4 protein chains.
Amino acid sequence: MTEVKDGKYNKILQAAISTISQKGLDKTSISDIVKMAGVAQGTFYLYFPSKKALIPAIAENLLTVTLHEIKTGTENIQNFWEIIRIMIDETFKLTKTHKEVIVLCYSGLAIDHSMEKWETIYQPYYYWLETILEKAITNQEIVRGINVNWTAKMIIGLMESGAERFYFSEDESKLEAFKEETFSFLKRSLASR
Amino acid sequence: MTEVKDGKYNKILQAAISTISQKGLDKTSISDIVKMAGVAQGTFYLYFPSKKALIPAIAENLLTVTLHEIKTGTENIQNFWEIIRIMIDETFKLTKTHKEVIVLCYSGLAIDHSMEKWETIYQPYYYWLETILEKAITNQEIVRGINVNWTAKMIIGLMESGAERFYFSEDESKLEAFKEETFSFLKRSLASR
Amino acid sequence: MTEVKDGKYNKILQAAISTISQKGLDKTSISDIVKMAGVAQGTFYLYFPSKKALIPAIAENLLTVTLHEIKTGTENIQNFWEIIRIMIDETFKLTKTHKEVIVLCYSGLAIDHSMEKWETIYQPYYYWLETILEKAITNQEIVRGINVNWTAKMIIGLMESGAERFYFSEDESKLEAFKEETFSFLKRSLASR
Amino acid sequence: MTEVKDGKYNKILQAAISTISQKGLDKTSISDIVKMAGVAQGTFYLYFPSKKALIPAIAENLLTVTLHEIKTGTENIQNFWEIIRIMIDETFKLTKTHKEVIVLCYSGLAIDHSMEKWETIYQPYYYWLETILEKAITNQEIVRGINVNWTAKMIIGLMESGAERFYFSEDESKLEAFKEETFSFLKRSLASR
DNA sequence: TATGAATGAGTATTCATTCAT
DNA sequence: GATGAATGAATACTCATTCAT
């Protein structure tokens with residue numbers, strides 16, 4: 001991966017995200033991507049060794065952006081439950097916009113037998129949440145005695161799988177209610193007694 | 001699709017599950033499948049209208065088998081928390097054996113823009129769990145005031161996403177501890193006070 | 001290589017020989033070949049595993065045909081020198097028609113690092129000439145004390161390289177004179193004293 | 001082509017010979033060559049108008065070097081048969097080291113329909129050998145009445161095709177014996193009676 | 001039902017060549 | 001002269017699907 005993500009790298013990446021979101025990975029050809037990115041066919045291969053190499057790059061991009069928004073949105077917030085609400089908001093927002101790509105990233109990495117990459121990509125997110133959890137424990141906002149690493153994974157997993165199932169089946173008018181139910185589920189589990 | 005799932009239908013389906021588990025969907029050709037199933041190339045199309053049609057059939061098959069095992073394993077069990085433990089066991093077992101296929105089913109349906117099918121397939125599972133939840137509410141084993149449908153989805157989502165993240169990154173020696181943490185997480189959230 | 005060289009195998013092979021003779025290997029696409037052969041693109045790959053696989057098949061075909069003609073043309077001929085003349089005739093005839101393909105076969109096998117195949121293909125030709133040489137020794141038509149295997153290679157090499165150099169540079173009106181010079185060269189070397 | 005073969009021209013040419021010897025022409029990219037030569041991609045085109053232009057340049061280089069060595073090795077030698085032995089030695093040496101490139105030059109020129117170049121390149125070699133043959137005729141070392149031009153071609157062809165067939169199939173321990181057989185073959189044909 | 005030879009559309013990738021610096 | 005990023009044409013090969021038997 002190029003260190004300096006110059007104009008062309010990002011043009012291609014954004015074109016790929018956009019095209020794949022609309023058509024799916026299989027039906028997206030390199031030709032589609034470069035056309036939208038406004039570069040030549042061969043230029044793609046100056047930045048990505050193969051079509052498959054797009055998947056982790058996209059995943060990283062999406063998660064980095066989301067994490068950045070979560071961090072930005074929570075930097076002045078001390079209350080743990082507020083942070084959870086913001087995480088839920090962002091998770092549902094990301095899922096709505098990019099559900100197709102998210103699933104593709106997920107399965108793409110699986111197909112490629114490169115789930116380590118998936119974990120590497122998620123690592124900063126887990127790590128950030130662990131820190132939040134530890135602070136909340138210290139502040140006696142949440143229960144003690146939990147494994148913060150695993151709990152972080154479960155929280156994120158619950159939000160993400162909830163968002164996916166919501167957008168794939170529910171009536172969107174129920175969005176706020178569903179998010180509230182998710183929040184309650186988490187609050188009951190984590191709130192200190 | 002043939003109503004009567006005769007020998008050949010199942011031979012093809014099992015060959016597909018097995019081959020896809022090993023090589024992934026993209027690298028699995030109809031030719032691979034029919035060779036393993038011991039039938040001719042054209043025979044595939046007597047039972048499945050297309051390659052894509054395999055995905056929901058596989059998903060249905062796996063989920064049906066799993067649900068059947070959960071039902072069988074819990075039919076004499078009254079205690080809600082016992083049932084949850086068994087669900088966790090079966091979910092982790094299924095994920096371990098078929099994580100590739102599960103992800104593929106999931107993304108396959110997404111790629112195909114046919115997530116309704118996914119929901120249809122899950123319906124019996126959700127429905128069964130809703131019934132269990134309602135009985136547990138009645139028995140005052142768990143909190144009241146929850147949306148049983150959404151809670152069912154969240155429970156299943158938590159278990160599945162947990163199992164996936166576990167098998168993709170954790171040391172397998174921690175399996176029991178991870179399952180216990182999952183159980184605790186659920187118990188804290190759902191137990192009546 | 002298919003045992004039964006059915007219609008399609010041969011149609012493709014002949015189309016390949018013809019197209020490659022005209023355009024050279026690099027500029028000949030599979031598409032060109034199948035179009036001329038009147039079969040579908042994919043059909044090519046039912047008979048040849050790759051484009052490269054054409055080369056030894058062509059080489060074998062040409063040499064088999066040539067050897068067959070030499071054998072047919074000499075079967076009633078006892079005189080060694082008569083046989084040599086017929087070999088020269090056939091070699092020059094083949095080279096004239098197929099010089100491009102011959103060179104390509106030769107380099108194709110070299111490129112492919114599969115010169116063993118080349119030797120395998122030539123084996124019957126060498127073997128036949130060795131037999132002829134041994135008989136000529138017995139009949140005291142030619143010198144004794146030679147290594148028949150190596151001498152066979154040298155005779156064939158001399159004829160072939162002569163024919164190539166002739167057709168690549170000489171005025172065709174000198175054909176008979178050149179062939180005569182070749183014959184003399186060989187006769188001086190081999191004739192018993 | 002630059003008249004003055006400065007450092008870069010030769011660096012590129014030698015890199016090309018070396019890379020093509022190892023990987024073959026098709027698998028050798030300009031990128032490979034310039035990397036080994038230590039120059040930039042575009043620099044190649046300052047010295048060679050195209051990739052194809054390498055072939056005659058390589059052929060000329062190899063033959064010039066070989067002819068130079070033959071001339072140097074024979075300049076004080078009067079005896080015709082000694083000269084023949086040295087030619088055989090050098091031919092086998094060159095073939096051993098560069099058999100891949102030789103074949104490629106040969107076929108490369110053929111592919112390019114520019115066999116005249118091949119003849120032009122060989123011209124000095126033929127011419128030198130013709131002179132040697134004429135002197136040998138004068139000295140009554142060899143038969144008279146031969147066409148010296150054609151005989152030169154046949155001698156060279158015999159040596160080269162022999163060397164190629166030898167290195168493509170024979171056990172290298174037999175090298176000296178094979179060269180001796182080649183020498184005998186020529187001596188029987190050419191020696192004055 | 002079952003077969004499997006034949007089809008042909010579809011595409012990722014390569015790499016010789018150019019050109020602005 | 002020298003560079004190397006950018007270009008984009010060109011193509012071997014795959015494989016889901018069909019259909020005559």
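Remember, predicted model here, so these are calculated numbers, not experimental data. In what follows, every chain begins at residue 1, and chains take the letters A, B, ... in the order their sequences are listed.
- Separating the CD1 atom in D:Ile30 from the OG1 atom in D:Thr43 is a distance of 12.0 Å, to the nearest 0.5 Å.
- Between F:dT21 and E:dT1, the distance separating the two P atoms is 22 Å to the nearest Å.
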Can you give me the dot-bracket string for DNA chain E, 5' to 3', counting Watson-Crick and G-U wobble pairs with both distances under 3.5 Å, using [ ] for crossing pairs and | for partners on another strand?
.||||||||||||||||||||
Under the side chain to side chain contact (heavy atoms under 4.5 Å, CB included) criterion, do A:Leu13 and A:Ile58 qualify, and how do the steps go?
CA-CA 7 Å; A:Leu13 192 61; A:Ile58 291 174; 3.8 Å; yes
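- At the phosphate of F:dA2, OP1 or OP2 sits under 4.0 Å from a side-chain N or O atom of D:Lys8.
- Between the CD1 atom in A:Ile12 and the OG1 atom in A:Thr19 there is a gap of 11.5 Å [rounded to 0.5 Å].
- The CG atom of C:Asp32 sits 15 Å away from the P atom of F:dC13 (whole-angstrom rounding).
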Polar atoms only, N or O, under 3.5 Å: list the protein pairs with nucleotides 14-17 of chain E and their distances.
residue	atom	partner	partner atom	Å
E:dA16	OP1	D:Lys51	NZ	2.9
E:dA16	OP2	D:Ile30	N	2.7
E:dT17	OP2	D:Tyr45	OH	3.0
E:dT17	OP2	D:Lys51	N	2.9
E:dT17	O4	D:Gln41	NE2	3.3

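- With rounding to the nearest 0.5 angstrom, the CD1 atom of D:Ile33 is 6.0 Å from the OG1 atom of D:Thr28.
- Spacing between atom CD1 of B:Ile12 and atom P of E:dT1 amounts to 12 Å, rounded to whole angstrom units.
- Rounded to an integer number of Å, the gap from B:Ile33 CD1 to E:dG4 P is 17 Å.
- Between the NZ atom of C:Lys23 and the P atom of F:dA10 there is a distance of 12 Å, rounded to whole Å.
- Between the side chain of D:Ser21 and the backbone N or O of D:Ile17, at least one donor-acceptor pair lies under 3.5 Å.
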List the steps and the verdict of side chain to side chain contact (heavy atoms under 4.5 Å, CB included) for D:Val39 and D:Phe44.
CA-CA 8 Å; D:Val39 300; D:Phe44 179 89; 5.9 Å; no
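- Between C:Phe48 and C:Tyr9, the angle of the ring planes stays under 30°, which puts this pair in the parallel group of the 30/60° scheme.
- Rounded to whole angstrom, the span from the NZ atom of A:Lys35 across to the P atom of E:dA12 amounts to 11 Å.
- Judged by distance alone, the side chains of D:Asn61 and D:Thr64 never bring a donor and an acceptor atom under 3.5 Å apart.
- Atom OH in C:Tyr9 sits about 17 Å away from atom P in E:dA5, given to the nearest Å.
- Residue B:Tyr47 has a polar side-chain atom (N or O) positioned under 4.0 Å from OP1 or OP2 of E:dA2.
- The interatomic distance linking D:Phe48 (CZ) with E:dT18 (C1') rounds to 18 Å, in whole Å.
- The two atoms that bring B:Asp32 and B:Lys27 nearest to each other are OD2-O, 3.4 Å, heavy atoms only.
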